[in-house]
Amino acid sequence: MPSHPLTPSFEPAAFETKIYEYWEQNQCFRASDTNAPGQKSFSMVIPPPNVTGVLHMGHALTNTIQDILVRWRRMHGDNTLWLPGTDHAGIATQAQVEKAIAKEGKGPSGRPLTRHDLGREAFLARTWKWKEEHGSQITFQLKRLGSSLDWSRERFTMDEGCSSAVREVFVRLYEEKLIYRGERIINWCPRCQTALSDLEVIPSERKGSLWHLIYKIVDEKGNAVLNPDQSEAQVVIATTRPETLLGDTAVAVHPEDERYSHWIGKWARVPLPGGGLSRTVPVIADTYVDREFGSGALKVTPAHDFNDYDLGKKHGLAVLSVMGKDGRISADGGPYSGLKFSEAREKVLLDLNELGLLVRTEDHQHKVGLCQRCETVAEPIISKQWFVQIQPLAQPAIDAVKEGKIQFSPQSWEKTYYEWMNHIRDWCISRQLWWGHQIPAWYCDLCEGITVDRQTPRACVHCQAVGSHLRQDEDVLDTWFSSGLWPFATLGWPEKTETLETFYPTSILETGFDIIFFWVARMIMMGLHFMGEVPFRKVYLHAMVRDEKGEKMSKSKGNVIDPLKIVDVQGADPLRFTLAIMAGQGRDIKLSMDRVEGYRAFCNKLWNAVKFFHLQLQPQQGGALEEPFQGLVEEPVEGLENWIEKNYRELDGFNQWILLRLQKLIPVVEGGFQNFEINLSAQALYEFTWHQLCDWYIEFSKLSLKAGGRQRVETIYTLRFVLEKLLRLLHPLIPFVTEELWQSLP
RNA sequence: UGGAGUGUAGCUCAGUGGGAGAGCAUCCCCUUCACACGGGGAGGGUCGUAGGUUCAAUCCCUAUCACUCCAACCA
């Protein structure tokens, strides 16, 4: 180990890059495929950032925490693997590339270039190129942060291995009848032109109206039913989406609602002008209807509302689809066909008003689902998609947590997990995108049968038609389908590798609570199903990083703090220490630059403490250590630790004092790392370093050091021992500066 | 609607059944031989509010208020 002089003060820019190179050259982060005798393994997979992404504060936090844990275990001698990689992030990446090509020129139509102008193959080539150019960016940024990832094992969700794992899983689930293709109600983004899973739709409050419409009651022949007073019988129905009445196939009331119960079994006329649109629909009874809300009567549109879909299924109602994928009313919508949904709403209201069928309008707050990506209102429509039948996968995943095979921290998230898992709906996994894993299903143009296979099939499994009759499904899989396999796909599955044997299940998953359902739950389900074992023992969920005012960082608010700028100016260690000490659970992290600067000062303090030690070894300070002992004390030939143990009783009181404090510090720091209370470790180390070591011990030691003789020598040994221990304890938190200081020691 | 979390000094946050803390900010002093990214000192808080348990509560219990987040099928 080289020793070298130190700069006058802590200047991270002078050594951080050099230190990381040193680690890489010495393969410090390489895991071994097999454990040495008696050695334990410790493994984590990185939550793969989007391949086109840029490191933000959330990444900085999760990767700092993970790095702390993995360095800690590595220093304890475990065979540690922290596996790096990136996610292809289907829709996000595709949107970025589409944006880029739109800027580049115009297509034949005179409009900006779209992916359709390029064609699938060229567009994908283009996206791969984009990936090559941008994918390394985040890799580089993780290194700046000091992340001790085993880069020799870097993976990508669309690389050869992950892709074959995806096909393997798809085929097996299909064979087990847990993947099916079906026409069902799904969320559709008219702008992105793709299906979305429930999770990709974000409910959001909108100011809207509640329109009260008249539905006349009729008999089975369509003749008006009269009230006792000879007026025409009717029900008023309140709706927030009047345009959907084009797809109404029933009116529902509560069975015990005295206002309406006598109409059950009769019919209601959907209030629209003639032209075939004015239909009669049955009046049905269901306790689902809330008597208190609106008028207490409900129109049922199975094709365009999830609840209505369920209701329709229960009552065997027709499913009348009136909205298309282009966000417009479909062809059979009479005078409304071709209109956008919003336009159709206006026209329906106008028409009804004219007919005197709109009785009342009131303001109403309600929730609409927005596309997670583009914030367009997502529409429930009927569409043919691929689904995972999730119940059989969910139950074991629930049990695994209940039985404690996986522990969440903070534990309170387990409740939320159960809640979601218990109400889970089948997972729509097909996306109408190009960037992603194309679905390994082929359709036969002769028999229309589906062939699902790991490779391109030679023939249709149903009619044996040759390959040229087969056409692969054009859709790709939801990005989260492949990330769900991440913990075992990256370790070599479906091959039975040593790596998999050694490192699965992984030890800890560290991530944000915002992706418990997207990612964590699916990994648990997939891991249990395909590996027969949980993918990780512990799930650590960290807090959200916010700005100083406690607001969420977002580009639009302009309050984003770029972690890399902090790394450039203050250094990676101060940022890491700040995040670590603020990462207490159950509280959001409000990042303030004052704190970062404070911990930069802390690094400087540590720096100077070591510098102080160096100075003591210089001849002008009263004698170098090379020829110093002259029999004053026994030399530490068997290492400092032994020496301290042997000579502890003989030492000066203040030397004993600092050793005692150090001894008390160690379990606190270890406990913090062990129990995912890293902030406690950081706090204790800060306190010890500054106030005990620097403020008291070093100040006091100056007397002994000046005194010379035995006092001086034993103090140098003690100081060195304490510094070495301290550097090791601090290393997981602030690896760069501790490494630099460690190497400086003679 | 249900669930969770938070509320402690001006700001950001630790913390514990018996003495109320740190960093930053403020004020004063100190360029003393590791460090001015420093040292010494000062001011500043009825630990959200109201009850209860206890010899004793900021910490435990109950209620209440405020803020935040999560889940959700009220058209």
Side-chain angles (χ1 to χ4, degrees), chain A residues 6 8-11 198-199 203 208 210-213 237-242 244-245 248 251-252 288-301 304-311 364 366-367 410-423 425 513-514 516-517 541 543-544 546-552 570-571 574 578 581-616 620-621 677 679-680 682-684 686-687 690-691 693-695 698-699 701-702 705-706 719:
Chain A
L6 295 173
S9 62
F10 168 66
E11 289 163 29
D198 297 346
L199 281 173
L210 199 54
W211 288 281
H212 294 250
L213 315 176
I237 291 178
T239 179
T240 55
R241 300 183 62 203
T244 61
L245 62 73
D248 283 358
V251 164
Y288 161 75
V289 179
D290 180 352
R291 281 172 280 185
E292 306 300 317
F293 187 89
S295 66
L298 174 72
K299 63 195 249 351
V300 186
T301 318
H304 301 288
D305 183 284
F306 280 87
N307 301 315
D308 292 8
Y309 184 82
D310 289 344
L311 207 55
H364 182 66
H366 70 123
K367 281 190 179 157
Q411 204 186 352
S412 55
W413 282 106
E414 287 178 7
K415 221 168 183 175
T416 312
Y417 170 83
Y418 295 137
E419 190 61 25
W420 189 73
M421 291 295 272
N422 282 325
H423 296 104
R425 279 171 174 268
F513 57 76
D514 50 332
I516 291 180
F517 309 126
L541 299 162
M544 181 85 78
R546 296 169 178 278
D547 74 0
E548 290 169 279
K549 292 174 196 150
E551 291 189 34
K552 208 168 174 173
Q570 312 285 359
T578 308
I581 208 163
M582 295 184 89
Q585 292 196 320
R587 190 195 272 267
D588 288 341
I589 297 174
K590 289 182 203 155
L591 190 67
S592 88
M593 285 310 296
D594 284 348
R595 292 293 287 264
V596 180
E597 277 163 29
Y599 295 121
R600 185 199 158 104
F602 173 71
C603 291
N604 189 53
K605 193 75 179 171
L606 180 70
W607 186 272
N608 278 290
V610 174
K611 210 174 73 189
F612 174 80
F613 174 74
H614 277 272
L615 287 175
Q616 300 316 314
Q620 63 269 31
Q621 297 297 317
E677 295 169 323
N679 55 317
L680 299 186
Q683 189 77 50
Y686 182 95
E687 166 72 17
W690 203 303
H691 300 302
L693 181 65
C694 292
D695 285 353
I698 287 186
E699 287 306 319
S701 74
K702 287 174 183 170
L705 290 164
K706 246 180 222 165
L719 177 58

Return the pairing partner of [N] with a 3.5 Å limit on both distances, Watson-Crick or G-U wobble; otherwise return none.
| N | value |
| --- | --- |
| U62(B) | A50(B) |
| A20(B) | none |
| G5(B) | C67(B) |

Any side-chain heavy atom of [X] sitting closer than 4.5 Å to one from [Y]?
| X | Y | answer |
| --- | --- | --- |
| I698(A) | F613(A) | no |
| N679(A) | M582(A) | no |
| L245(A) | L213(A) | yes |

Please lay out, stage by stage, how F612(A) and L705(A) fare under the test side-chain contact (heavy atoms from CB on, under 4.5 Å). CA-CA 11 Å; F612(A) 174 80; L705(A) 290 164; 3.7 Å; yes
[X] side-chain proximity, nearest of [options]:
| X | options | value |
| --- | --- | --- |
| Y288(A) | G15(B), A75(B), A71(B) | A75(B) |
| M582(A) | G39(B), A14(B), U12(B) | U12(B) |
| F513(A) | G39(B), C70(B), A75(B) | C70(B) |
| K415(A) | A14(B), U12(B), A4(B) | A4(B) |
| T239(A) | A75(B), A34(B), G3(B) | A75(B) |
| W420(A) | A75(B), A71(B), A34(B) | A71(B) |
| F612(A) | A34(B), A71(B), C37(B) | A34(B) |
| K706(A) | A75(B), C33(B), C74(B) | C33(B) |

How far does the [atom1] atom of [N] sit from the matching atom of [M], given to the nearest Å?
| N | M | atom1 | value |
| --- | --- | --- | --- |
| C67(B) | A57(B) | C1' | 25 Å |
| G19(B) | U31(B) | P | 40 Å |
| C70(B) | A56(B) | C1' | 39 Å |
| G10(B) | A72(B) | P | 40 Å |
| U53(B) | A71(B) | P | 41 Å |
| G18(B) | U58(B) | P | 10 Å |

A34(B) base to E699(A) side chain: any donor-acceptor pair below 3.5 Å?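 Check passes, donor-acceptor contact within cut-off.
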Spell out yes or no: do the side chain of K605(A) and the base of C37(B) have one donor N/O and one acceptor N/O closer than 3.5 Å?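 Side chain to base: no pair below 3.5 Å.
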Identify whether any heavy atom of F10(A) sits under 4.0 Å from a base atom; if not, whether one sits that close to sugar-phosphate; answer base, sugar-phosphate or nothing.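 Since a base atom lies under 4.0 Å of F10(A), the category is base.
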Just N and O in the side chain of [X]: are any of them under 4.0 Å from OP1 or OP2 of [N]?
| X | N | result |
| --- | --- | --- |
| W413(A) | A71(B) | no |
| K611(A) | C33(B) | no |
| K702(A) | C33(B) | no |

If you find the nucleotide of RNA chain B closest to R600(A) and the one closest to I698(A), which residue's nucleotide is nearer the 5' end? I698(A)
Residue whose nearest RNA chain B nucleotide is more 5′ - Q683(A) or L693(A):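 Its nearest nucleotide lies further toward 5', so the answer is Q683(A).
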Between R241(A) (side chain) and H304(A) (backbone), is there a donor-acceptor pair under 3.5 Å? yes
Using the 3.5 Å cut-off, write out each protein N or O paired with an N or O of nucleotides 23-27 of chain B and the distance between them.
{"unit_1": "C24(B)", "atom_1": "O2'", "unit_2": "D594(A)", "atom_2": "OD2", "d": "3.0"}

I'd like to know whether V610(A) forms a side-chain contact (heavy atoms from CB on, under 4.5 Å) with H614(A), so could you lay out the CA-CA distance, the side-chain angles of the two residues, the decisive distance to 0.1 Å, and finally the verdict. CA-CA 6 Å; V610(A) 174; H614(A) 277 272; 3.7 Å; yes
For D248(A), the side chain to side chain donor-acceptor pair (under 3.5 Å) test, sequence neighbours excluded, returns Y215(A), K299(A), T301(A)
Tell me every residue that passes side chain to side chain donor-acceptor pair (under 3.5 Å) with D310(A), counting only those two or more places apart in sequence or in another chain. R425(A)
